[in-house]
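Encoded as structure tokens, the structure appears first; notes follow it.
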Amino acid sequence: MGELIVIAFLVLALIAYVITGGADFGVGILELAERPERRDELRAVGERAIAPVWEANHIWIIVALVIVFVGFPQVHVQMTTVLHIPLLLMLVGIILRGTAFTFRYYDIGEGEGRGPWTTFFRGGSVMVPMMFGHMVAAMSRGRFSAEPTSVYDAYIHPWVGWFPFATGLFVTALFAWIAAVFLVGEERAERKAPAAARARRWTVLLVPLSGAVTLTAWLEGVPWLVDALRSPLLYGVAILALGSTLVLWRLLDSERLWTVRALAGAVVVSVLAGYWGAVYPTAVQLEGGASIGWHEAAAPSATMNALAVTLIAASLLILPGLAWLYRLFKTPNPEDRGGPVQPS
Amino acid sequence: MMDDFTAARLTMATSLGFHIILAAIGMVMPFLMAAAHRRWLKTGDPDAYRLTRMWMRGVAIFFATGAVSGTALSFELGILWPTFMEHAGPIFGMPFSLEGAAFFVEAIALGIYMYGWKRISPRVHWWVGVVVGIAGLSSGILVISANGWMNSPTGFTWDGTVAHDIDPVAALLNPAWATQSTHMVLASFEAVGFAVAGVHAYLMHRHPMDRIHGHGLRIALAMGAIAALLQPLNGHWAAQDVAERQPAKLAAMEAHFHTEANAPLLIGGIPDEETQSVSWGIEVPSALSVLAFNDPNAEVQGLEEFPRDEWPPVLIVHFAFQIMVGIGSWLALLGLLGLIALRWKPHWIKAAWFRRSLVLSIPLGFVAIEAGWVVTEVGRQPWIIYGIMRTQDALTPVPGQVWHLVAFTALYAFIGLSTLWMWRKQLQNASAVGPPSEAIEAWARPGRDG
Ligand code: HDD
Ligand code: HEM
Ligand code: HEM
């Protein structure tokens, strides 16, 4: 029982991270993709949108990590050794993005002095989803070698390839898309239409990218793909994702903030659930067909039960807090319409 | 080129040494902020408001850096020491999962506090600020339990390769936790208290007309002084605990090579592991026996009792211990003078000798924190889990750790320097922080005159 609860929390934390943390990274990606003369304006809106919430959103990745290292030590060992390089790059991204955001936001005066922070903020915002995508793909693609013969074999080969690269691009675009969708609701009335157009452009971009992920997975002979293509689950989530996207397309510039957010959330949930459903219960696919499963890798039940109880108790404390935070800052408020919230 | 083992240890030490400074600040600054905030709510003094705002910015900047460096650390444990985490994770996971909950509360409360001015009731708003501090303090106390477990592993049985009968709650409540966490909490209040007091002492001198610095100095000094007076007592308790649990660590702290009763306490001195002797030190008769066991006749084990390959690096541990205790004694003295000044001799606060002492002491508390951690961590060597697993055996198989070390040291140096530079700018602008606007006044203090 404890084990299943822990796995459920792991999935929940990952979904929450991709939706909320993903949107925060997405803001940086959008800035990078925006035409230079528009960037300042976008920056103001983006900063106002994420400043009160990004630190809370960021905790989800810590929760996910702690669940993995406490609950699934063997999976954690694989991640931290074989995927050592992308993990470190992701950390560099996390560190740079977070500090750069704060420094840029709090730097007083001298608009131009913010230059390097802006670069780090945007660079970090791209680096994290790229590496995140690489790691997710690497774990399922079956190139973890059991008996590596070279450093390349052991620590590079497992995560370098077209499928991980396509997944990295897809995750990056997904994060940007979430941000683009959420930002429409943060814009002033006269800026809503262009913001919605931007969100639609990102929607269009996601289509070929998801095709690329599937195609590269197929070309690489990723082991779970064939079964997944035959399973009704995949079609279920694909329909859910497509349906939500279509409705979202229409509602983007409407005033129905929470409907729009829920639909974007539904898209993310279906993407992640589809992927999870396709690979579960495998945690790490090794070369040659063997694999490490979540259940085999699970820690002893005393640990799992303690972890499950902690997670449940903690969520009773935290979910109301999060709800309060979001209600305060993510519903329209006359206080801050039309101008950036002052830092401090 | 440096070997992977050394590089990995240095990477760990650098990351932790960086994080701990921000963590200490994160545990204490919110309370300073809340103290100033409360004063403003009670008295309406606009300077107390300005101080609150200024300190709030400090909390925000340091929190962000603390959060990202902490995130890096939680990955780093596994990146550098995968074998350690594989075995330890399921046992000492409780502190980390509880700590995660505390982080969440802290981040939520900080968001609401910083951006919640005028949006929620002023009383609730103040309490949210207090919650930031309580959550920060709890996360610090909790994570120390993980470290305490490495020093006094409990809650499992070990068959030489695998752990059985895991009891995560017993691991959480390990015997080292109490001394270590209280000592660290006091250390944070002491270090941050004196650092903030020193900064305001300096600014008071630079901007004598701005009353904000006098307020700041007094609140921070009171906090630091009380902690500094308690710390040596607490350290004494910690030393007794170490004497019992990790006698080799105590012997290294004191460069105590030979077992003896009426053991002397060594001040200064350069230990030589080869000849097992110390040159230049001053010995205080029987004091070590008292420090460790409260009894001048007690016998204190020397390093000779332990196999040579179980000795921690004596010179480093001894040196670090001296630095910590030296600073602890100085700050306790300064704290005593500070309390006298606050209570009976207000003119001392403006006196040059007192100001200089405070300014000179700005970094000292943090130096003592670093030194204390060197004592604890280096003093535990060669063990990563005391008596169970050697650090060497926990090392990652991934080669090229030097690059990891270089990259992260550069990254932390860059971020550390940037943070300082940001702070300098904030402080230069301190006098520009404005009094409360009318809207803020009307919200926080309706119907009262400012
Ligand atoms: C402001 C910082 C500060 C100051 C002034 C002191 N300490 Fe300390 N000390 C720490 C900050 C610290 C620390 C960084 O917080 C440590 C590291 C691990 C821990 O739990 O606390 C520590 C560890 C530590 C240990 C090792 C505990 C262990 O390994 O389990 C001992 C025996 C002492 N201290 C003893 C003292 C004594 C006798 C002091 C007398 C003045 C003293 N400390 C002042
Ligand atoms: C909960 C808190 C902490 C945990 C879980 C922890 C864990 C570890 C681990 C796993 C290592 C590597 C193995 C080793 O060399 O012993 C280590 C080493 C080290 N840590 Fe800690 N640590 C903690 C707190 C700190 C802090 C706050 C500092 C501050 C400076 C610190 C300083 C060091 C140093 C100097 C080393 C290197 C020791 C050596 O290699 O000789 N530690 N720690
Ligand atoms: C004894 C040493 C430690 C103390 C006292 C301590 C304390 C703290 C505190 C008070 C914070 C809040 C952030 C802030 O206010 O700046 C924090 C953040 C953090 N710490 Fe540490 N910490 C220690 C060691 C560690 C270690 C060893 C790890 C990882 C294994 C870790 C992981 C984290 C993480 C993930 C955060 C970020 C949380 C957030 O985003 O709010 N800490 N730590």
Side-chain angles (χ1 to χ4, degrees), chain A residues 51-53 55-59 61-63 65-67 69-71 73-74 76-77 79-81 84-85 87-88 90-92 94-99 101-103 106-109 151 154-155 299-300 302-303 306-307 310-311 313-314 317-318 321-322 324-325 328-329 333 335 341 343-344, chain B residues 53 56-57 60-61 63-65 67-72 74-79 82-83 85-87 89-91 93-94 96-101 103-105 107-112 114-116 118-120 166-169 396-400 404 407 411 415 418-419 422 425-426 429:
Chain A
V53 292
E55 311 230 31
N57 298 342
H58 166 81
I59 313 281
I61 190 70
I62 301 170
V63 173
L65 173 77
V66 169
I67 292 178
F69 79 55
V70 177
Q74 269 97 38
H76 182 247
V77 172
M79 270 174 51
T80 53
T81 51
H84 179 268
I85 297 169
L87 195 55
L88 278 184
M90 186 169 112
L91 282 186
V92 172
I94 287 179
I95 296 179
L96 282 181
R97 196 280 305 229
T99 36
F101 177 78
T102 310
F103 287 176
Y106 282 91
D107 203 350
I108 0 180
V151 170
Y155 306 116
T303 300
L307 184 56
T310 314
L311 287 169
L317 182 69
I318 282 147
L322 273 179
W324 189 25
L325 180 72
L328 274 177
F329 300 111
N333 186 309
E335 280 282 337
V341 181
S344 84
Chain B
R53 288 293 220 179
M56 184 175 86
R57 277 172 169 261
I61 292 171
F63 181 81
T65 325
V68 291
S69 62
T71 309
S74 28
F75 283 94
E76 209 109 58
L77 280 179
I79 291 180
T83 318
M85 287 309 279
E86 183 178 357
H87 294 283
I91 311 172
M94 284 286 275
F96 290 106
S97 46
L98 291 169
E99 193 203 16
F103 290 151
F104 239 133
V105 173
I108 293 170
L110 190 64
I112 295 179
M114 294 222 309
Y115 300 94
K118 293 188 282 174
R119 293 197 187 198
I120 53 182
I166 292 177
D167 179 351
V169 179
T396 179
V398 182
H404 182 175
L411 188 62
I415 292 174
S418 310
T419 312
M422 279 287 291
K425 273 174 74 174
Q426 298 278 354
N429 256 24

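Every chain is numbered from 1, with letters handed out A, B, ... down the list of sequences. These figures come from a predicted structure and were not determined experimentally.
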Ignoring hydrogens, what is the shortest heavy-atom contact between B:Pro399 and A:Tyr155? Give both atom names and the distance.
CD-CE1, 3.5 Å

Heavy-atom proximity to chain B below 4.5 Å, by part of A:Ala313:
neither

Structural part of A:Leu307 lying under 4.5 Å from a heavy atom of chain B
side chain

Looking at B:Ile166 and A:Pro300, what are the two nearest heavy atoms and their distance?
CD1-CG, 3.7 Å

Find the one option among A:Ile95, A:Val77, A:Leu87 whose heavy-atom pairs under 4.5 Å with chain B are most numerous.
A:Ile95

Region of A:Ile318 that comes under 4.5 Å of a non-hydrogen atom in chain B
both

Could you check whether any side-chain heavy atom of A:Leu91 comes within less than 4.5 Å of a side-chain heavy atom of B:Ile79, counting everything from C-beta outward?
yes

Which atom names give the shortest non-hydrogen contact between B:Ser74 and A:Phe69, and what distance separates them?
O-CE2, 4.2 Å

What distance separates A:Phe103 CZ from B:Ile415 CD1, expressed to the nearest 0.5 Å?
7.0 Å

Who wins among B:Gly400, B:Gly100, B:Ser97 for the most heavy-atom pairs under 4.5 Å with chain A?
B:Ser97

Which value, rounded to the nearest 0.5 Å, describes the distance between B:Ile61 atom CD1 and A:Thr99 atom OG1?
11.5 Å

Looking only at heavy atoms, what is the nearest atom pair of A:Ala306 and B:Met94, with distance?
CB-SD, 3.9 Å

Which pair of heavy atoms, one from A:His84 and one from B:Val398, lies closest together, and at what distance?
ND1-CG1, 3.6 Å

Rounded to the nearest 0.5 Å, the CZ atom of B:Phe104 sits from the NE2 atom of A:His58 at a distance of 10.0 Å

Side chain, backbone, both or neither: which part of A:Leu96 has an atom under 4.5 Å from a heavy atom of chain B?
side chain

When only pairs under 4.5 Å are counted, which of A:Gly98, A:Gly321, A:Ala314, A:Ala299 shares the most heavy-atom pairs with chain B?
A:Gly321

Given A:Val66, A:Ile61, A:Leu88, the one with more heavy-atom pairs under 4.5 angstrom with chain B than any other is A:Leu88

Chain A contact via B:Ser418 - side chain, backbone, both or neither, heavy atoms under 4.5 Å:
both

Please determine whether side-chain contact (heavy atoms from CB on, under 4.5 Å) holds for the pair B:Val105 and A:Leu317, giving the CA-CA distance in whole Å, both sets of side-chain angles, and the decisive distance to 0.1 Å.
CA-CA 8 Å; B:Val105 173; A:Leu317 182 69; 3.7 Å; yes

Taking atom CE of B:Met85 and atom CE of A:Met79, what is their separation to the nearest 0.5 Å?
11.0 Å

Less than 4.5 Å apart, any side-chain heavy atom of B:Glu86 and any of A:Gln74?
yes

Taking all non-hydrogen atoms of both residues into account, name the closest pair between B:Phe75 and A:Met90 and its distance.
CZ-CE, 4.3 Å

Tell me which of these, B:Gly78, B:Ala101, B:Ala60, has more heavy-atom pairs under 4.5 Å with chain A than the rest.
B:Gly78

Under 4.5 Å from any heavy atom of chain A - which part of B:Leu411:
side chain

A:Leu322, part contacting chain B, at a heavy-atom distance under 4.5 Å:
both

Is A:Val53 in contact with chain B via its backbone, its side chain, both, or neither, using a 4.5 Å heavy-atom distance?
neither

Please state whether the side chain, the backbone, both or neither of B:Thr396 comes within less than 4.5 Å of a heavy atom of chain A.
side chain

B:Pro168, part contacting chain A, at a heavy-atom distance under 4.5 Å:
side chain

Does any backbone or side-chain atom of A:Thr310 lie under 4.5 Å from a heavy atom of chain B? Answer side chain, backbone, both or neither.
side chain

If you tally heavy-atom pairs under 4.5 Å between each of A:Ile67, A:Ile94, A:Thr80, A:Val63 and chain B, the highest tally belongs to A:Thr80

Would you compute the distance between atom CG of B:Leu77 and atom NE2 of A:His76 and round it to the nearest 0.5 angstrom?
8.0 Å

